[in-house]
Asker: 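The structure is given below, and queries will be raised subsequently.
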Amino acid sequence: MKKVIVSTKENLDYGTLIWIYANNRKVYRSSKSIDADTPFHRYDSHYMGMVEELYRDQEKHPLLFQRMIEKSDRIFGVCLNKRRNEDGSKDMKVLFFLDWDSVQDFAEDTFPRLIKEEVKRRKAAKQKWLERGKLFSEKKKMSQ
């Protein structure tokens, strides 16, 4: 398992499955989150582009993807979080696996725990945002 930051024009949700074929280096994504009980052939596929389009760090990632692709005919990734860049593109933190069994093990054991942490993080961020808005509103009322 390798954690990689990739760039994409598409808005991928938390847990979106990505896969890269070694023979043609094409990248696909699913429209739903990974699930431990779903076999790979049950996921829909949406073409995202060529693997070279995913590189954010041109120095490091081509070698990493090349080494992983050499060991397998298809590698799988799971999106864990995202951030927007100044140019409008989005960077995704993605965990890549060499085989489908590793992805399913991750979906059974680790992913449910990560989802709970992500929900807590989002609730805390929303609460902080609400508190800031309330404070701003109160200051604006006092200044009038």
Asker: Yes or no on side chain to side chain contact (heavy atoms under 4.5 Å, CB included) for F96 and I20, after CA distance, side-chain angles and deciding distance?
Answerer: CA-CA 10 Å; F96 279 100; I20 302 170; 3.9 Å; yes

Asker: Under the side-chain hydrogen bond (donor to acceptor under 3.5 Å, both in side chains) rule, what do S102 and D99 come out as? Steps first, then yes or no, please.
Answerer: CA-CA 6 Å; S102 301; D99 58 26; 2.5 Å; yes

Asker: Heavy atoms only: give me the nearest M50-K26 pair and the separation to one decimal.
Answerer: SD-CG, 3.7 Å

Asker: Would you compute the distance between atom CZ of R42 and atom NZ of K32 and round it to the nearest 0.5 angstrom?
Answerer: 8.5 Å

Asker: Just wondering, do I34 and T16 contact through their side chains at under 4.5 Å, heavy atoms?
Answerer: no

Asker: To the closest 0.5 Å, what do you measure between OH (Y28) and CH2 (W19)?
Answerer: 9.0 Å

Asker: Looking at residues at least two apart in the chain, or sitting in another chain, which of them share a ring pair (Phe, Tyr, Trp, His ring centres under 6.0 Å) with F136?
Answerer: none

Asker: Can you sort out the partners of F76 under ring pair (Phe, Tyr, Trp, His ring centres under 6.0 Å), two or more places apart, ordered by chain and number?
Answerer: F40, W100

Asker: State, yes or no, whether a side-chain contact exists between F106 and L95 at a heavy-atom distance under 4.5 Å.
Answerer: yes

Asker: Could you report the tightest heavy-atom contact between A22 and S72, atom names first, then the distance?
Answerer: CB-O, 3.4 Å

Asker: Measure the SG-CD1 distance between C79 and I18 for me, rounded to the nearest 0.5 Å.
Answerer: 3.5 Å

Asker: Rest of the hydrophobic cluster containing M142 (Ile/Leu/Val/Met/Phe/Trp/Tyr, side-chain heavy atoms under 4.5 Å)?
Answerer: none

Asker: So, applying side-chain contact (heavy atoms from CB on, under 4.5 Å) with Y14, which one of V78, L80, V119 is it?
Answerer: L80

Asker: Taking it one step at a time, do T38 and Y43 satisfy side chain to side chain contact (heavy atoms under 4.5 Å, CB included)?
Answerer: CA-CA 8 Å; T38 306; Y43 286 96; 3.7 Å; yes

Asker: Measure the spacing between CD1 of I75 and CE of M68 and express it to the nearest 0.5 Å.
Answerer: 4.5 Å

Asker: Side chains of S31 and D44: do they bring a donor and an acceptor to under 3.5 Å?
Answerer: yes

Asker: Just verifying a value: how many Å separate R29 CZ and M48 CE, rounded to the nearest 0.5 Å?
Answerer: 7.0 Å

